[in-house]
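Just the heavy atoms: all of them, side chains too, but no hydrogens, waters or symmetry mates, feed the values below.
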Amino acid sequence: MRMSKLFSRTLREAPNGADSKGYEYLLRAGFIRQLGAGVFNLLPLGFRAVTKIETIIREEMDRIGGQEILMPLVNPADVWKETGRYYSIDREMSRFKDRVGRDMVLAMTHEEVVTDLARTEIDSYKRMPLLVYQIQTKWRDDPRPRAGLIRVREFTMKDSYSFDVDEAGLDEQYRAHYTAYFRIFGRTGLPVIVVGADSGMMGGKVSHEYMYLSPIGEDTIITCPACHYTANRQVASFKKSYHKAEMKEMEKVFTPETKTIDELVDYLKIDKKQTAKSVFMVGTFIDDTNGEEQSKLIVGVVRGDLEVEENKLQNAARANALRPAHPEEIAAMGMVAGYGSAIGAKEGILVIVDDSVAESNNLVAGANEWEHHYLNTNFGRDYQGTVADIASAQAGFACPVCSAPLSASKGIEVGNIFQLGTRYSEAMDCYYQDIDSTRKPVIMGSYGIGVGRLLASLAEEYCDDLGLALPITVAPMQVHLVSLVKESETVDQLYEELTAAGIDVLYDDRKESAGVKFADADLIGLPIRITVGNRSLKEGKVEVKVRSNLDETLSFDLSTVVSETQALIGRLVAEIEARIEEREWDGSL
RNA sequence: CGGGGCGUAGCCUAGUGGCUAUGGCGCCUGCUUUGGGAGCAGGAUAUCGAAGGUUCGAGUCCUUUCGCCCCGACCA
């Protein structure tokens, strides 16, 4: 590609709103342009980078037996009604009617459509295992797109779906993806860790997320530096200590101006561990069969030294959605915000108690009376409810496996794998006939990678003060050929030779000053830069720099540039491939 | 959906009721220059996001609305 013909231009200044380095450079270097909130154009450079990522994904999916298909973005709502997700997913899924009034949706994932396909294609155990995948546009009307390509509404996703006769088969395909994903991220050069995850709206049980650790990430990942425990905070557990004692008589005391736990322990001169904290939420419960909604007040109780993890609470309550309760809603149920507890909870209120509270005795809790608390409350004796782990894991807490202090970091989810089981096959009547003639639901898995998010993560990881420095496996071109000579014939010829040898070249043939060309080359950051200038040309040489190490200058002989460049490309690719983690799932979450 | 911020040319930006809306980059023409965002001369490009209002006069004040960004709720 000749730079004089390149569609995009570089920008000297970052457009407003580009608040991370990776995003700023993707804009400035001309990889992407924004059209609207969470909606982006891919320009030639960005599109080429994405294409390279997709090629890697295709190769690795094909390696584990995947067959590429393409499912439609626009779906009739019927299949989504069959699984109930038409009702249970909020406005994140866009709906519309076609010209004759049929309900339609823009697909945000494809479990429904692929299950519909499978129920007609798969009728016998002999047809499985099967694996299909697609690389396709998804639309999710996210309420809060942000950070460039990190969190968008329209995006490209690789999603694959596995079909098996039994759990063992699913396990095998899950393992294959587990390993393939490490290979995919490894080949792109993105460092990732795998964490145990919540299965969220997808249903199913076993699930992992692939996280690129970055301060601009939105997920909090809990890791144990001592053993290998890692999990998304949404599901991370930790070892709790309990406050066991002989149960004492409950006693109501006057506690003025003690709406918070801090004020309470200050006033009573006790430890936070001796208190029980109640969090009031309103849960929405949606009937999957008809979409009828029901709201319920949920009281989550954790010990005062802990925080409620809302995701855990939502799962424990089996609610579709959760939001903080308004003071009026709390009052309507006869409870007092700031001085509330599960004691005296009315019928219809869902009480979920963390085991830290259930296993501790004589905790101070709200009396549901203005400026009053109870001393010595005990779960089971003074109030009832469901016991679950709903506490949020924090840095410093004890690892659930080895008790070492946990640490917390921020991460971007670039991939996920789910064992769906029979959630969709049962709901959509996707059954096969087994060897013993019985009808059984197909066992499914689903596996995703956000392609654009992967590029954005790579841009964050591979940049410096001058611009991008993407790995050679994903950079839009391999070589940036910079011409600093007036007589262009020699360079034109070199460009032709490199291209003819199958090398991707961006040829800066513009009539710009050397400074402009170098600055643009730094910004776009192609991995290999070949500079042709009078300085070295008179000795029959060209200068070569690797973008990731601009301090070092190599010199290639003009007659052997092509072969030397090919060797350098091979070396850079090998460097990345040497870092690929060949990892297998050990069966843990 | 709640809270905050911002919309002036392709990008960045000045402007605090008063003359023909500022400057830089970029763009066009000519000359010059070619190893780190060069120089000179000339030029084009803005219905100041939109609508309504206040005023003798509005980019500036008020109302409404649209868009974008940030924080929160949310999120595979």
Side-chain angles (χ1 to χ4, degrees), chain A residues 8-20 23-24 27-28 30 33-40 85 89-93 107-111 138-148 150-153 155 157-159 197-204 207-211 216-219 232 234 281-282 284 310-311 314 320-326 412-418 420 446-451 453 466-467 482-488 508 510-523 529 531-537 542-543 545 550 553:
Chain A
S8 59
R9 293 195 303 182
T10 55
L11 303 174
R12 291 205 187 184
E13 282 171 288
N16 273 326
D19 50 358
S20 76
Y23 180 26
E24 176 188 331
L27 283 167
R28 284 185 50 206
R33 292 286 182 257
Q34 184 170 18
L35 178 63
V39 180
F40 285 84
R85 289 209 290 183
I89 295 174
D90 201 24
R91 286 180 306 178
E92 194 176 344
M93 180 160 70
M108 42 191 288
T109 175
H110 279 82
E111 281 77 13
K138 301 276 185 278
W139 170 260
R140 296 186 187 178
D141 196 358
D142 193 298
R144 179 145 146 64
R146 59 172 283 275
I150 297 290
R151 193 169 148 180
V152 291
R153 296 195 292 171
F155 58 101
M157 179 168 164
K158 186 288 298 180
D159 43 332
D198 181 42
S199 41
M201 72 167 189
M202 306 296 288
S207 159
H208 287 92
E209 290 169 341
Y210 289 75
M211 292 283 181
I216 68 165
E218 295 186 280
D219 287 279
N232 195 310
Q234 294 180 328
M281 308 289 289
V282 172
T284 309
E310 283 187 23
N311 187 71
Q314 182 175 330
N320 292 83
L322 222 54
R323 62 165 172 82
H326 303 303
I412 299 167
E413 182 192 340
V414 287
N416 52 48
I417 53 179
F418 291 99
L420 295 174
S446 95
Y447 318 84
I449 290 178
V451 178
R453 188 179 276 187
L466 299 173
V482 180
S483 168
L484 297 182
V485 295
K486 252 188 206 152
E487 277 305 315
S488 64
D508 195 345
R510 298 173 302 169
K511 296 190 195 329
E512 292 287 351
S513 71
V516 169
K517 291 185 174 184
F518 285 135
D520 279 347
D522 292 338
L523 180 59
R529 178 182 318 166
T531 307
V532 184
N534 291 319
R535 197 193 274 172
S536 55
L537 197 57
V542 296
E543 284 160 52
K545 277 179 191 280
L550 290 175
T553 305

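Whole-Å rounding puts the A:Glu413 CD to B:C74 C1' distance at 14 Å. Here B:G36 presents its P atom at 13 Å from NZ of A:Lys517, a figure rounded to the nearest Å. The distance between atom CG of A:Leu537 and atom P of B:G35, rounded to the nearest whole Å, is 14 Å. Between the CZ atom of A:Arg85 and the P atom of B:A76 there is a distance of 10 Å, rounded to whole Å. Straight-line distance from the NZ atom of A:Lys511 to the P atom of B:U34: 15 Å, rounded to whole Å. Put simply, CE on A:Met108 is 15 Å from P on B:C74, counting in whole angstrom units. Residue A:Asn311 contributes atom CG, which lies 12 Å from atom C1' of B:C74 at whole-angstrom precision. Atom-to-atom, CG of A:Asp141 to C1' of B:A76 comes out at 15 Å; the value is rounded to the nearest Å.
Residues A:Tyr447 and A:Lys158 approach most closely at O-NZ, 3.2 Å, considering heavy atoms. Smallest separation of non-hydrogen atoms from A:Met157 and A:Gly448: CE-CA, 3.8 Å. Annotation for A:Leu484 and A:Gly533: closest pair CB-CA, 4.1 Å, computed over non-hydrogen atoms. The shortest non-hydrogen separation linking A:Ser483 to A:Lys517 is O-NZ, 2.7 Å. The two residues A:Met108 and A:Trp139 have their closest heavy-atom pair at CB-O, 3.5 Å.
With sequence neighbours excluded, no residue forms a salt bridge (Lys or Arg N to Asp or Glu O under 4.0 Å) with A:Glu310. A:Arg151 is linked by a salt bridge (Lys or Arg N to Asp or Glu O under 4.0 Å) to A:Asp142, A:Glu218, counting only residues two or more places apart in sequence or in another chain. In this structure A:Leu11 satisfies the side-chain contact (heavy atoms from CB on, under 4.5 Å) test together with A:Pro15, A:Arg28, A:Arg33, sequence neighbours excluded. Taking A:Asp141 as the reference, A:Arg153 meet the salt bridge (Lys or Arg N to Asp or Glu O under 4.0 Å) condition, with sequence neighbours excluded. Every residue meeting the salt bridge (Lys or Arg N to Asp or Glu O under 4.0 Å) condition with A:Lys138, not counting sequence neighbours, appears here in chain and number order: A:Asp159. Scanning for side-chain contact (heavy atoms from CB on, under 4.5 Å) contacts around A:Val152 gives A:Phe40, A:Leu149, A:Phe155, with sequence neighbours left out. The side-chain hydrogen bond (donor to acceptor under 3.5 Å, both in side chains) test applied to A:Asp520 returns A:Thr10, A:Arg510, not counting sequence neighbours.
Across all strands, A:Arg91 comes closer than 4.0 Å only to sugar-phosphate atoms, never to a base (heavy-atom distances). Residue contacts for A:Gln314: at a heavy-atom cut-off of 4.0 Å it reaches no nucleic acid atom on any strand shown. At a threshold of 4.0 angstrom between heavy atoms, the contacts of A:Pro143 include nucleobase atoms, whether or not backbone atoms are also involved. The residue A:Gly533 sits close to a base: some heavy atom pair falls under 4.0 Å.
A gap of 12 Å separates the C1' atoms of B:A21 and B:U60, to the nearest Å. A gap of 16 Å separates the P atoms of B:A9 and B:A51, to the nearest Å. Comparing the P positions of B:C6 and B:A14 gives a spacing of 11 Å, expressed to the nearest Å. B:A50 and B:A41 are spaced 40 Å apart, taking the C1' atom of each and rounding to whole Å. Look at the P atom in both B:U16 and B:U22: the space between them is 13 Å, to the nearest Å. Straight-line distance between the P atoms of B:G49 and B:G7: roughly 8 Å, to the nearest whole Å. Going from the C1' atom of B:G5 to that of B:A76 covers 30 Å, rounded to whole Å. Nucleotides B:G23 and B:U45 place their P atoms 15 Å apart, quoted to the nearest Å.
On a pure distance criterion of 3.5 Å, a polar donor-acceptor pair joins the side chain of A:Asp520 and the base of B:G37.
Candidate nucleotides B:C11, B:G37, B:A38 were compared by shortest atom distance to the side chain of A:Ser513, and B:A38 ranks first. Closest to the A:Arg151 side chain, of the nucleotides B:C75, B:U34, B:G35, is B:C75. Nearest to the side chain of A:Arg144, among B:C75, B:C70, B:G36, sits B:C70. The nucleotide whose nearest atom lies closest to any side-chain atom of A:Thr531 is, among B:A76, B:G35, B:C11, B:G35.
Regarding contacts with the backbone of B:A76, every side-chain N or O of A:Thr109 stays at 4.0 angstrom or more from both OP1 and OP2.
The nucleotide B:G52 finds its pairing partner in B:C62, both defining distances of the Watson-Crick or G-U wobble pair being shorter than 3.5 Å. When Watson-Crick and G-U wobble pairs are counted only if both distances are under 3.5 Å, B:U47 pairs with no nucleotide at all. When both pairing distances are held under 3.5 Å, B:A21 makes no Watson-Crick or G-U pair with any nucleotide shown. Pairing of B:C1, defined by two Watson-Crick or G-U wobble distances under 3.5 Å, is identified with B:G72. Pair check for B:G30 finds B:C40; Watson-Crick or G-U wobble, both atom distances under 3.5 Å. B:G57 is unpaired under the Watson-Crick or G-U wobble criterion, no partner having all donor-acceptor distances under 3.5 Å.
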Would you tabulate the nitrogen or oxygen pairs shorter than 3.5 Å linking the protein to nucleotides 23-26 of chain B?
{"unit_1": "B:G24", "atom_1": "N2", "unit_2": "A:Glu13", "atom_2": "OE1", "d": "3.1"}
{"unit_1": "B:G26", "atom_1": "OP1", "unit_2": "A:Arg12", "atom_2": "NH2", "d": "3.1"}
{"unit_1": "B:G26", "atom_1": "O2'", "unit_2": "A:Arg9", "atom_2": "NH1", "d": "3.0"}

Close N/O contacts between protein and nucleotides 66-69 of chain B (under 3.5 Å):
{"unit_1": "B:C68", "atom_1": "OP1", "unit_2": "A:Ala37", "atom_2": "N", "d": "2.8"}
{"unit_1": "B:C68", "atom_1": "O3'", "unit_2": "A:Gln34", "atom_2": "NE2", "d": "3.4"}
{"unit_1": "B:C69", "atom_1": "OP1", "unit_2": "A:Gln34", "atom_2": "NE2", "d": "2.8"}

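Of the residues near RNA chain B, A:Asp219 and A:Lys486, the one whose nearest nucleotide (by heavy atom distance) lies more toward the 5' end is A:Lys486. Nearest-nucleotide positions on RNA chain B for A:Val532 and A:Asp142 put A:Val532 closer to the 5' end.
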